[in-house]
Structures are given as C-alpha cells and as structure tokens.
Amino acid sequence: DINRKREPLEAYPLETFVMVGTIEQAGLFYALLRDDTGMVHYVGVGNYIGQNSGKIESISLSEIKIQQLGPDNRGGWHTFPVTLYLKKAINSQEKPSKDAP
C-alpha cells in the first residue's frame, strides 16, 4: 500500500537492528530491537520495519519473521522472508569460546 503512513523504523536499514529480547502480554509476543545507536524499540506483529517495506509476520521467544519487498529482476516486485534471531548475551565474567562469532 503506497498510500499508508510510514512507520518510524522504516527509515533505517533492517541490518541495523538486533533482536535483544521479547515481552509477552496476554499471550502475544512483542520484540525488543536495538538499533545501531543503542536505542531499544518495542515492535509487534503487523509493524513495518526496514527500508524495504518489511512487515512483521510473527514473533516468538527467539526470532522475528518478516516479509520484505524486493525487486524480482524482471522489472517487478516480490516478497521474500527474512528472520531476525535473538542475540544471546555473553556474561561479562565468562570468556567466549574460541568457536563463538
């Protein structure tokens, strides 16, 4: 819908967000996303995020499923799935394993 009002988080590339937590209210999950400035945002199913009309389809304890719009290389557009996964925090007193990214 090109006439819908854009949401604030659509001004930023999807790659700038990291899922850092969830909140459950009345059986619905909401995600906490940290942007590259350190600010945390609260989003729910149906919100839009990222610069490619990414719509949040579902949220679980460990991931956010998004349908994003992109070019189809034939002059048209198609939707494709993107998943953001919960970033695991490392305890400041623990040393990361040599296999950790």
Side-chain angles (χ1 to χ4, degrees):
D1 179 10
I2 60 171
N3 294 318
R4 76 173 169 78
K5 184 178 178 185
R6 299 287 178 208
E7 295 185 23
L9 297 184
E10 288 184 272
Y12 307 97
L14 189 59
E15 299 80 30
T16 63
F17 297 106
V18 176
M19 182 181 179
V20 294
T22 57
I23 297 172
E24 182 183 1
Q25 291 180 323
L28 298 174
F29 283 104
Y30 297 89
L32 300 173
L33 300 174
R34 186 178 60 229
D35 65 24
D36 58 356
T37 68
M39 179 174 256
V40 176
H41 307 272
Y42 174 89
V43 295
V45 171
N47 284 133
Y48 287 85
I49 183 173
Q51 296 174 325
N52 295 321
S53 298
K55 185 175 182 182
I56 297 174
E57 298 289 321
S58 68
I59 299 171
S60 71
L61 285 172
S62 61
E63 64 187 33
I64 303 170
K65 294 197 180 277
I66 301 164
Q67 284 295 318
Q68 190 164 281
L69 193 61
D72 67 3
N73 297 325
R74 295 183 305 229
W77 298 90
H78 75 282
T79 58
F80 59 96
V82 176
T83 304
L84 294 180
Y85 295 97
L86 179 66
K87 179 178 171 107
K88 302 285 184 183
I90 296 176
N91 184 325
S92 62
Q93 301 204 357
E94 292 178 19
K95 292 182 181 177
S97 72
K98 63 182 178 181
D99 298 330

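- For the atom pair CG of Leu69 and CZ of Phe80, the computed distance is 8.0 Å after rounding to the nearest 0.5 Å.
- Distance check, rounded to the nearest 0.5 Å: OH of Tyr12 to OG1 of Thr37 gives 7.5 Å.
- Rounding to the nearest 0.5 Å places CD of Gln51 at 9.5 Å from CD of Glu10.
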> For Ser53 and Arg6, what are the C-alpha separation, side-chain angles and deciding distance, and is it a side chain to side chain contact (heavy atoms under 4.5 Å, CB included)?
Replying inline: CA-CA 9 Å; Ser53 298; Arg6 299 287 178 208; 3.9 Å; yes
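- In the displayed structure, Asp72 atom CG is contacted under 6.0 Å by more than 12 heavy atoms of other residues, nucleotides or ligands.
- Arg34 contributes atom CZ, which lies 12.5 Å from atom CE of Met19 (distance to the nearest 0.5 angstrom).
- The main-chain N or O of Leu84 is never found under 3.5 Å from a side-chain atom of Glu63 such that the two would form a donor-acceptor pair.
- Hydrophobic clustering (side-chain heavy atoms under 4.5 Å, transitive across Ile, Leu, Val, Met, Phe, Trp, Tyr) keeps Leu28 apart from Ile49.
- In this structure, CG on Asn47 lies 10.0 Å from NZ on Lys55, to the nearest 0.5 angstrom.
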> Going through the checks in order, is the side chain to side chain contact (heavy atoms under 4.5 Å, CB included) test met by Glu7 and Leu9?
Replying inline: CA-CA 6 Å; Glu7 295 185 23; Leu9 297 184; 5.7 Å; no
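- Hydrophobic cluster membership differs between Leu14 and Tyr48, with clusters built from Ile, Leu, Val, Met, Phe, Trp and Tyr side chains linked at under 4.5 angstrom.
- When hydrophobic clusters are built by joining Ile, Leu, Val, Met, Phe, Trp and Tyr residues whose side-chain heavy atoms come closer than 4.5 Å, directly or via intermediates, Tyr42 is not grouped with Leu86.
- The hydrophobic cluster containing Tyr30 also contains Val20, counting ILVMFWY residues as joined when their side-chain heavy atoms lie under 4.5 angstrom apart, directly or transitively.
- Thr79 OG1 to Glu57 CD: the interatomic distance, rounded to the nearest 0.5 Å, is 8.5 Å.
- By the rule that hydrophobic residues join a cluster once side-chain heavy atoms approach within less than 4.5 Å of another member, Ile23 and Phe29 end up as members of separate clusters.
- Nearest heavy-atom pair, Ile56 versus Ile64, reported as atom, atom and distance to 0.1 Å: CG2-CG2, 3.8 Å.
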